[in-house]
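Naming: A, B, ... by sequence-line order, numbering from 1 per chain.
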Amino acid sequence: MNLTKVFTKTAISTPERQQEADADLVVVKKVQAGDVAAFDRLILKYRERVFGVIYNLTSNREDSSDLTQDTFIKAFQAINRFQGNCSFFTWLYKIAVNTTLGHLRKNKLRSFFSLEKISEDGADIQILEQLTDKRGADRDTYLKELQEKLNEALQKLSIPHRTVITLFEIDGLSHAEVAEVVGCSEGTVRSRLHYAKQFLQGELGKYLRA
Amino acid sequence: MPINEPNSKVTLEQLLRLKRAERPNPEFWAHFERELHQKQLTALVQKRRWWHGMSLIPMRRVLLPTGAVAIATLTFISVRQSVSPQAVETGRVPALSSSTVQEIETLSPVQVPSKAVYASLGAQVDSNATPSNYVIPVTESIPVTQEIESPSARSIAANLARLEQSEPDLIHSVLGSRLSSAARVQTVAASQNASEETAGTDSSSRYRLIARYADRALSPEPLAPVGVRERIARRLGDDLGEGISRIGVVGSRVSLKF
């Protein structure tokens with residue numbers, strides 16, 4: 001039995017995801033048939049998510065921008081090899097993660113933060129209010145410090161652990177989807193998640209509920 | 001500077017969700033799109049290298065046969081290269097494999113006429129000067145493996161080669177064109193025993209003749225002193241004497257009989 005088929009069944013967990021995957025497949029077929037402009041729709045749809053994954057792995061917006069572009073170019077070049085064994089977004093995530101991991105391994109010694117500002121429009125207001133009841137400049141300072149601490153803690157994690165926690169907790173992928181993107185078993189994903197959470201709780205203890 | 005103490009009312013999961021709010025502004029995406037289109041165009045125009053297609057080949061299937069062929073080729077080349085210099089150094093034919101030796105053994109060996117045949121052959125050689133008519137009678141055979149091992153045999157080979165250059169007509173009329181130089185040398189080397197028996201006869205006339213040839217062709221310095229020329233002639237005569245049984249002069253021709 002083809003293993004990728006099993007992954008397809010388990011990876012697309014919700015009906016919405018399945019619907020999304022089907023819609024993507026139609027667009028991909030068009031691109032494969034020669035409609036290059038159709039690929040722009042896929043870029044528009046996924047660029048923020050791909051950028052988010054890469055940004056959360058690197059904590060550097062310039063690198064993330066370049067790597068996101070590289071990801072889409074690689075996907076465009078390899079689109080004819082996509083056979084629909086998994087969903088397009090999983091396939092695209094795989095390319096993004098592999099591209100980023102390659103970059104991180106190559107630049108192990110050279111890493112510095114270049115962070116995006118936390119957009120309060122997109123953030124969970126409730127969480128922000130729970131975190132701080134301050135207003136104005138104090139609130140901004142506090143949020144900046146929190147953001148730095150959070151990114152520092154994430155960068156202290158090893159690359160596999162960081163990848164797993166980014167995909168699961170920040171991007172909201174299921175265990176099966178993470179396993180498929182990373183290329184390991186679900187058990188490994190759970191184990192890595194557990195370790196990563198323990199580590200982060202130790203690092204960010206003072207911001208968390210006791 | 002101490003920062004405000006947090007309320008500590010959130011979980012790790014909630015805190016991590018804050019990362020979702022770290023988003024670039026719309027201007028960033030405009031710039032991103034421009035750059036991406038440029039890169040896309042470059043990627044479309046850029047010719048892909050041939051090795052990029054290698055990733056499509058299932059390497060595991062071709063790796064083993066390719067490796068085996070490479071190793072076999074390397075071994076073959078290294079064996080060939082290691083054999084050749086040795087052969088040059090020792091002046092021998094390269095080491096033969098067992099199959100090659102078998103092939104050689106099945107070939108008809110080089111035939112050497114016996115002593116009794118020389119007498120009857122002398123007239124024939126003199127009268128039938130055309131090489132095509134000249135046939136060496138088959139009486140004795142020597143193994144091919146007895147090759148140019150002795151210094152005298154090598155010296156004879158060298159002398160014959162020089163003679164061949166300087167007096168091709170002489171060599172041609174005596175030996176004919178059927179045997180190669182190497183085979184001739186083998187024949188000479190093999191007939192050493194036979195020639196030893198006949199070497200004693202006509203030694204003085206032989207030396208004179210050889211001295212004449214040495215004077216004409218083999219002397220490194222044509223105007224060399226007489227003593228030097230005689231010494232060269234004597235040495236040449238000694239060398240040739242091992243292999244040449246008879247030397248005859250007919251008119252303007254000199255015939256060597258083996």
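Here the CH2 atom belonging to B:Trp29 is positioned 7.5 Å from the OG atom belonging to A:Ser65, to the nearest 0.5 angstrom. To the nearest 0.5 angstrom, B:Thr11 atom OG1 is 8.5 Å from A:Gln201 atom CD. B:Leu36 contributes atom CG, which lies 4.5 Å from atom CD1 of A:Ile43 (distance to the nearest 0.5 angstrom).
Counting non-hydrogen atoms of neighbouring residues, nucleotides and ligands closer than 6.0 angstrom, the NZ atom of A:Lys30 reaches no more than 12 such neighbours. The 12-atom threshold is exceeded at CZ of A:Phe82, counting heavy atoms of other residues, nucleotides or ligands nearer than 6.0 Å. Residue-environment remark: NE2 (A:His194) stays at or below the threshold of 12 foreign heavy atoms within 6.0 Å.
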- Report the C-alpha separation of B:Leu15 and A:Leu200 in whole Å, then their side-chain angles, then the decisive distance to 0.1 Å, and conclude whether the side-chain contact (heavy atoms from CB on, under 4.5 Å) test is met. CA-CA 10 Å; B:Leu15 193 59; A:Leu200 289 176; over 6 Å; no
- Message: Does B:Arg20 form a salt bridge (Lys or Arg N to Asp or Glu O under 4.0 Å) with A:Asp171? I'd like the steps, not just the answer.
- Response: CA-CA 8 Å; B:Arg20 292 180 188 174; A:Asp171 291 290; over 6 Å; no
- Would you please test A:Leu150 and B:Leu16 for side-chain contact (heavy atoms from CB on, under 4.5 Å) and show each step? CA-CA 8 Å; A:Leu150 190 55; B:Leu16 285 169; 4.1 Å; yes
- Item | Residue pair B:Gln40, A:Phe39: steps toward the side-chain contact (heavy atoms from CB on, under 4.5 Å) verdict | CA-CA 11 Å; B:Gln40 256 183 316; A:Phe39 193 73; 3.8 Å; yes
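Ion pair B:Glu33/A:Arg47 flagged as a salt bridge, since at least one NZ, NE, NH1 or NH2 atom sits closer than 4.0 Å to an Asp/Glu carboxylate oxygen. Residues B:Glu13 and A:Lys197 are paired through a salt bridge, judged by an N-O separation under 4.0 Å between the basic side chain and the carboxylate.
A:Ile170 touches chain B through backbone and side chain together, each having a heavy atom under 4.5 Å away. If you measure heavy-atom distances from A:Asp40 to chain B, the contacts under 4.5 Å come from the side chain alone.
Residues B:Leu12 and A:Gln198 have side chains not in contact (no heavy-atom distance under 4.5 Å, counting atoms from C-beta outward).
Between A:Tyr55 and the choices B:Lys19, B:Arg23, B:Glu22, the side-chain hydrogen bond (donor to acceptor under 3.5 Å, both in side chains) rule is met once, by B:Glu22.
The aromatic ring centroids of B:Phe28 and A:Phe51 lie less than 6.0 Å from each other.
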